[in-house]
Number of protein chains: 2
Amino acid sequence: MPSKPSPITMDAVYTAPGYLFRRMQQIAVSIFVEECSAFDLTPVQYAALVAIHTHPGIDATRLSAVIAFDRSTLGNVIERLESKALIERKPSREDKRVKLLYLSKSGATVLRDIMPSVERAQVRMLQPLKPADRKTLLALLTQLVDLNNEASRVPLRAEDALEHLGKAG
Amino acid sequence: MPSKPSPITMDAVYTAPGYLFRRMQQIAVSIFVEECSAFDLTPVQYAALVAIHTHPGIDATRLSAVIAFDRSTLGNVIERLESKALIERKPSREDKRVKLLYLSKSGATVLRDIMPSVERAQVRMLQPLKPADRKTLLALLTQLVDLNNEASRVPLRAEDALEHLGKAG
DNA sequence: CCGATATTGTAAGTACACTGTCAATCTACA
DNA sequence: TGTAGATTGACAGTGTACTTACAATATCGG
């Protein structure tokens, strides 16, 4: 038999996983920006810097796959990082369509210096939980994000980053 | 003694809670929009409709507190809901600054009809986990969001919604 | 070698998410 | 009463996040 429709209450919103994820994302960004205010970097800009540091000469398309970030939006992020002189873009000689991304000297400095603040932010996000619960939550989230990877519009493709070092495919 | 700085790797990004929250939010929105595509409603628009349904005659400021959503952005959301004729705005007689929000007839219909799709979306987000793990994750997330409430720029103030029914404060 | 197809960067359009600022208006205190 | 301070909605500005579309360029099949 079909179940009766539940009454529509705010509680239905507050207990929904989707609401909790949105709320937690708000909180996480807020804490990150606060801890890293001295560096004027957003979480996404930070992730991009790390990826470019790890994969010098990566192009925008691969970068988007490596940080699971929308390709079109990434254009704006790259633009901002370039205008802050944290990265440099050089045209590829092999493929005239491609612009290769490199950390600038000041980009490398900023990345090195921001690490403690980022670390503090990550700690603060989970601080209210008991240590054992932090581990549990992190493990479950990691699992869930991994298993849901294909459900997002921009699946993570970490291995794509290696392609620019000789086409292994 | 001070600890040595860790080497900067993508793994530091992938295992950071902040990254996982962002990723999970991406996935959650993607699933929601997909399940509810027939209704052309975003998660925030849905939350706003529920809150207006639960608190008819609420104003924008209180609505923002009830769904923990930035007040300025909410203006645009309200505008979109109004242009889709899902809600109505009426000037308050007591306070000429205030515009009171009400569900329109079609707004009430849409809200009723979208519920099963929303429910499906919420289930899908946690589907990859074992049932016991879903409960654990939800419990920990609820706890964390609650304890971190003040850390966000827009803390949830569920009780604010009641104020428009006679100033209790 | 050439045309179909794919990739790359870019841009326009929509929607969230936050920061400020501002005028109109309301409230409370002196 | 009258004005200082708070509240309300509106707007401008930045940045994330996604969609679709497009031109330039590469690559592959015939």
Side-chain angles (χ1 to χ4, degrees), chain A residues 22-23 25-34 37 40-48 58-65 67-84 89 91-101 152-155 160 163-164 167 169, chain B residues 18 21-23 25-34 37 40-48 58-65 67-84 89 91-101 152-155 160 163-164 167 169:
Chain A
R22 172 170 76 79
R23 199 83 188 83
Q25 160 72 357
Q26 276 181 326
I27 292 165
V29 171
S30 178
I31 290 176
F32 184 102
V33 169
E34 195 179 316
S37 59
D40 191 33
L41 274 192
T42 66
V44 170
Q45 289 171 9
Y46 159 75
I58 197 172
D59 62 274
T61 298
R62 255 162 278 282
L63 178 58
S64 110
I67 61 178
F69 192 88
D70 179 73
R71 232 186 118 297
S72 294
T73 310
L74 189 57
N76 307 329
V77 176
I78 289 174
E79 209 173 294
R80 278 170 220 126
L81 288 175
E82 199 181 14
S83 79
K84 291 190 228 180
R89 284 213 276 187
S92 163
R93 252 183 295 281
E94 291 114 49
D95 189 333
K96 284 184 199 163
R97 296 169 304 177
V98 173
K99 298 186 182 173
L100 305 174
L101 302 169
S152 78
R153 304 302 168 96
V154 190
D160 276 21
E163 279 184 24
H164 74 292
K167 290 283 156 56
Chain B
F21 291 136
R22 172 171 76 78
R23 200 83 189 83
Q25 162 71 358
Q26 277 181 325
I27 291 165
V29 171
S30 177
I31 290 176
F32 184 102
V33 169
E34 195 179 316
S37 58
D40 191 33
L41 274 193
T42 67
V44 172
Q45 289 171 11
Y46 160 74
I58 198 172
D59 62 274
T61 298
R62 253 162 280 281
L63 179 57
S64 108
I67 61 177
F69 192 86
D70 179 73
R71 236 194 116 300
S72 294
T73 310
L74 190 56
N76 307 329
V77 176
I78 289 173
E79 210 173 292
R80 278 170 222 126
L81 289 175
E82 200 181 14
S83 78
K84 291 191 229 178
R89 285 213 275 188
S92 163
R93 253 183 294 282
E94 292 114 48
D95 189 333
K96 284 185 199 162
R97 298 169 303 178
V98 173
K99 298 185 182 173
L100 306 174
L101 302 169
S152 78
R153 304 301 168 98
V154 190
D160 276 21
E163 278 185 26
H164 74 293
K167 290 283 157 56

Atom CZ of A/R23 and atom P of C/dC18: how far apart are they, to the nearest Å?
8 Å
Measure CD/B/Q25 against P/D/dA17 and give the value in whole Å, please.
9 Å
Go nucleotide by nucleotide along DNA chain D from the 5' end; which of A/P43 and A/K96 gets its closest nucleotide reached first?
A/P43
D/dC18 phosphate, OP1 or OP2: any side-chain N/O from B/Q26 under 4.0 angstrom?
yes
Value rounded to 0.5 Å, distance of CD in B/E82 from CZ in B/R89
4.5 Å
Minimum heavy-atom separation for A/L81 and A/Q45, please, with both atom names.
CD2-CB, 3.9 Å
What string of B, S and - do you get for nucleotides 2-15 of chain D 5' to 3' if you count protein non-hydrogen atoms under 4.0 Å?
-----BSBSB---S
In Å and rounded to the nearest 0.5 Å, what is the CG to CG distance from B/L101 to B/L74?
8.0 Å
CG (B/L100) and CG (B/D95) are apart, to the nearest 0.5 Å, by 9.0 Å
Whole Å only: how far is the CG atom of A/L63 from the P atom of D/dA17?
13 Å
Heavy-atom closest contact (A/A28 atom, B/G18 atom, distance)
CB-CA, 4.5 Å
Quick one: B/L41 CG to C/dA15 P, roughly how many Å, whole number?
11 Å
Starting at the 5' end of DNA chain D and moving along, which residue's nearest nucleotide shows up first, A/E94 or A/N76?
A/N76
Whole-Å distance, A/L74 CG to C/dT10 C1', equals 12 Å
A/D70 CG to D/dC18 P: how many Å, rounded?
5 Å
Distance-only side-chain donor-acceptor flag, B/R22 / B/Q25, under 3.5 Å
no
Whole angstrom is fine here: how far is it from CZ in A/R93 over to P in D/dA26?
14 Å
When rounded to whole Å, the CD1 to P distance for the pair B/I27 and D/dC18 reads 10 Å
Less than 4.5 Å apart, any side-chain heavy atom of B/I78 and any of B/K99?
no
